[in-house]
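Following: one structure in structure tokens, then a few remarks.
Letters A, B, ... mirror the listed sequences (proteins, then strands); counts begin at 1. In what follows, every heavy atom counts, from backbone to side chain, and hydrogens, waters and symmetry copies are set aside. These figures come from a predicted structure and were not determined experimentally.
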Amino acid sequence: MSNPKHTRPKGTQDFVPPRAEQKSKVEDVFRHLAERFGFQEIVIPTFEYTDVFVKSSGTGSDIVTKEMYTFKDRADRSLTLRPEGTGGVVRAVLENRLRIPCRLYYLGPYFRYGRPQKGRFREFFQLGVEALGEASPLVDAETILFGDEFFRELGISDCITRLNSIGCRNCRPAYQHKLVEFLSSHKDRLCSECQLRLKHNPLRVFDCKQEQCQAVLKDAPKPGDYLCPECSRHFKAVQASLDKQGLRYELNGRLVRGLDYYNRTTFEFVSSKLGAQDSIGGGGRYDYLVEDFGGPQTPAIGLAIGLERTMLAMGEKEQARRRLAFVVWMGDAELDEAQKVLARLRAQGIPAQMDYDAHRMKHQFKSADAAGASCCVIIGADELAKGVYSLKDLTTGRQIQVPVSELIGTVQKLIRAQSVATRR
RNA sequence: GUGAGUGUAGCUCAACUGGUUAGAGCACCUGACUGUGGCUCAGGAUGUUGGGGGUUCAAGUCCCCUCACUCACCCCA
């Protein structure tokens, strides 16, 4: 740890073998599910002109003020490594004149500059879906259902869904105003931190753990009570749909989301396995954003899932044997035959490998074990004389002889049986 | 951006209030076992104690700087 000459940049990570595979499995589950829900993949640049993100996240947001990787290119254009997905997607939908409504999904790396901690990186991976042009509260419910289904398929059982509505252009400012007014009148009873919160994020005061502040909040105006009739109806319809589909959720009036573009429904998924950064995914409606980008008035809703947080929530899986056969050869006399067998296995879609350097069989078995192979095909003088191969199951240590013609089938059966066994 | 904690072998960690040659387990290599991994036994290799400076007769240990990692705040995936 002390020596390496080159190290990865702060906040980045290497996905070394078992984890890289786990990552792509999660991505596969996401792709299949997204397609089942009618989403189509969109691939857009990893960097955009800076104003795309300034526009989408909001000038005052933390992302824009302190978390963006912004740089000038050689022609002095300001570019930014994407800190979030929605802005670029909206830009691409308009620029390519995609027909709206449309449902899109995407996945890839994102970048935010900040101090790394558990579940937070400077380069991180997100899986997202966006439904543009659908206004129904049933779509909100469906998006939430999508997230829930995704986590369920990955076996994340302790996941809680939080739900809120932050109102619209009309009722949100009115509520904020009322809240600030109320809190200001009790300013002297709030802790110092809350006095600051009052200025830039008054809703956060609800999260304060100080008793004095909680006492003040008892009589504070509640977020839910100030929704306009339309927003209120929308929110109730979302809940009714979720109820009907048996999806459990917690109402949380403080759930605000940090990006300026959200309105009405906001939601997030949290897991207890993560530490302080417990949100594994979140999203909400953004009915004004497309218009803000110069497009037609378009209702929209999206969801973003944090890949590495999802993997944290999944926990460590037991290291299973790989789907891999190892060919063991006895001496130079058997080397040609061994290579033929190797090729036959591969031709049948069975991952196979051999150790050319190890001349002692003992070494070859060690290599097989170290590689995590699930079986060894052994080719020695006895086998060649008898017209068979020996096949050793590395999980049980049992070894059998199979006729040359039955090798492929037997190996396939063995590997399949093992992958079923390790999955339980 | 703010705060706290931790850096000793490939990994997990020891080393009393500064005191001789910095240790152990796991992993690794060799052999017992020239047709068999995991088990057992016997041997073996391994360190600029993250880096730099300072105090001291003497620094892994104390002080300063720096770097890295970790956790938390802010905020979010």
Looking at A:Lys10, does any N or O in its side chain come under 4.0 Å of the phosphate oxygens OP1/OP2 on B:rC69? yes
Base partner of B:rG18, which must satisfy Watson-Crick or wobble distances under 3.5 Å: none
In whole angstrom, give the distance that lies between atom CE of A:Met361 and atom C1' of B:rG35. 4 Å
Please evaluate the base of B:rU36 for a donor-acceptor partner in the side chain of A:Gln399 within a cut-off of under 3.5 Å? yes
Audit row: A:Phe293, A:Tyr261, ring-ring contact (aromatic ring centres under 6.0 Å, His included) steps and yes/no: CA-CA 11 Å; A:Phe293 265 80; A:Tyr261 52 66; 9.1 Å; no
Would you please test A:Tyr105 and A:Glu130 for side chain to side chain donor-acceptor pair (under 3.5 Å) and show each step? CA-CA 6 Å; A:Tyr105 78 87; A:Glu130 312 285 351; over 6 Å; no
Let me know the distance between CD1 of A:Ile400 and C1' of B:rG35, rounded to the nearest Å. 17 Å
Without decimals, in angstroms, what is the distance between A:Phe365 CZ and B:rG38 C1'? 12 Å
Could you work out which one of B:rC74, B:rG35, B:rG38 sits closest to the side chain of A:Ser390? B:rG35
Cation-pi geometry met for A:Lys23 and A:Phe125 (6.0 Å, 45°): yes
Would you measure the distance from the P atom in B:rA9 across to the matching atom in B:rU49 and give it in whole Å? 10 Å
So what does A:Ala373 touch, heavy atoms closer than 4.0 Å: a base, only the sugar-phosphate, or nothing? nothing
Distance, C1' atom - from B:rG18 to B:rG60, rounded to whole angstrom: 10 Å
C1' atom, B:rA58 versus B:rU70: distance in rounded Å? 33 Å
Any cation-pi pair here, A:Arg169 with A:Tyr288, using under 6.0 Å and within 45°? yes
Taking the C1' atom in each of B:rU2 and B:rA59, what is the distance between them to the nearest angstrom? 33 Å
Judged by each residue's nearest nucleotide on RNA chain B, which is more toward the 5′ side, A:Ala304 or A:Lys66? A:Lys66
Any base atoms under 4.0 Å from A:Lys366, or only sugar-phosphate, or nothing? Heavy atoms, all strands. sugar-phosphate
Checking A:Phe146 against A:Phe39 for the ring-ring contact (aromatic ring centres under 6.0 Å, His included) test, could you report, in this order, the C-alpha distance in whole Å, the side-chain angles of both residues, the deciding distance, and whether it holds? CA-CA 11 Å; A:Phe146 172 87; A:Phe39 294 96; 5.8 Å; yes
Base, sugar-phosphate, or nothing for A:Gln13, non-hydrogen atoms under 4.0 angstrom? nothing
P spacing across the pair B:rG23 / B:rU46, given as an integer number of angstrom: 12 Å
For residues A:Phe269 and A:Phe151, determine if any side-chain heavy atom of one lies less than 4.5 Å from a side-chain heavy atom of the other. yes
note: A:Lys118, atom NZ; B:rC73, atom P; distance rounded to Å ~ 13 Å
Can you tell me the distance, in whole Å, between the CD1 atom of A:Ile378 and the C1' atom of B:rU36? 7 Å
Quiz item: cation-pi between A:Lys392 and A:Phe365, 6.0 Å / 45°: yes
Rounded C1' spacing from B:rU12 to B:rG7 in Å: 14 Å
A:Gln364 (side chain) and B:rG35 (base): donor-acceptor pair under 3.5 Å: no
Using a heavy-atom cut-off of 4.0 Å across all strands, would you classify A:Gly114 as base, sugar-phosphate, or nothing? nothing
Test the A:Arg122-A:Tyr69 pair against the cation-pi criterion, namely NZ or CZ under 6.0 angstrom from the six-membered ring centroid and within 45° of the ring axis. no
Nucleotide B:rU70, atom P - distance to CG of A:Leu312 in whole Å: 12 Å
Can you tell me the base-pairing partner of B:rU46? Count Watson-Crick or G-U wobble geometry only, both distances below 3.5 Å, and say none if there is no partner. none
Considering every strand and a 4.0 Å limit on heavy-atom distances, what is the contact class for A:Gly275: base, sugar-phosphate, or nothing? sugar-phosphate
From B:rG38, B:rC73, B:rG35, nucleotide with atom closest to A:Asp369 side chain: B:rG38
Of the listed nucleotides (B:rU36, B:rG1, B:rC75), which one gets closest to any side-chain atom of A:Arg115? B:rG1
Between B:rU40 and B:rC26, how far apart are the P atoms? Round to whole Å, please. 9 Å
Under a 3.5 Å limit on both distances, the Watson-Crick or wobble mate of B:rG10 is B:rC26
Of A:Ala381 and A:Tyr113, whose nearest nucleotide on RNA chain B comes first from the 5' end? A:Tyr113
Does the structure show a Watson-Crick or G-U wobble partner for B:rC41, both distances under 3.5 Å? Name it, or say none. B:rG31
Looking across every strand, which nucleic acid part, if any, lies under 4.0 Å from A:Lys362 by heavy atom: base, sugar-phosphate, or nothing? base
Please give, in whole Å, the distance from B:rA77 C1' to A:Ile63 CD1? 9 Å
Which part of the nucleic acid does A:Leu127 contact within heavy-atom distance under 4.0 Å: base, sugar-phosphate only, or nothing? nothing
Expressed in angstrom and rounded to an integer, what is the separation of A:Phe267 atom CZ from B:rA77 atom P? 11 Å
Would you say whether A:Phe124 stacks on B:rA77? The test is a distance between ring centres of less than 5.5 Å and an angle between planes of less than 30°. yes
Only one of A:Asp287, A:Thr143, A:Ile144 clears side-chain contact (heavy atoms from CB on, under 4.5 Å) with A:Ile301; which? A:Thr143
Provide the Watson-Crick or G-U wobble partner of B:rG1, both distances under 3.5 Å; none if there is no partner. B:rC73
Does A:Arg360 reach a base, just sugar-phosphate, or nothing at all? Heavy atoms under 4.0 Å. sugar-phosphate
Is the shortest side-chain N/O distance from A:Gln117 to OP1 or OP2 of B:rC71 below 4.0 Å? no
Counter-base of B:rU56, judged by Watson-Crick or G-U geometry with both distances under 3.5 Å: none
Looking for any heavy atom pair under 4.0 Å, which part of the strands does A:Phe121 touch: base, sugar-phosphate only, or nothing? base
Is there a donor N/O on one and an acceptor N/O on the other, under 3.5 Å, for the side chain of A:Glu67 and the base of B:rC75? no
Describe the nucleic acid contact of A:Thr395 in one word from base, sugar-phosphate, nothing, applying a heavy-atom distance below 4.0 Å. base
Quantified in whole Å, what is the C1' atom distance between nucleotide B:rU56 and nucleotide B:rU61? 13 Å
Among the nucleotides B:rU30, B:rA77, B:rG35, which one has an atom lying closest to any side-chain atom of A:His363? B:rU30
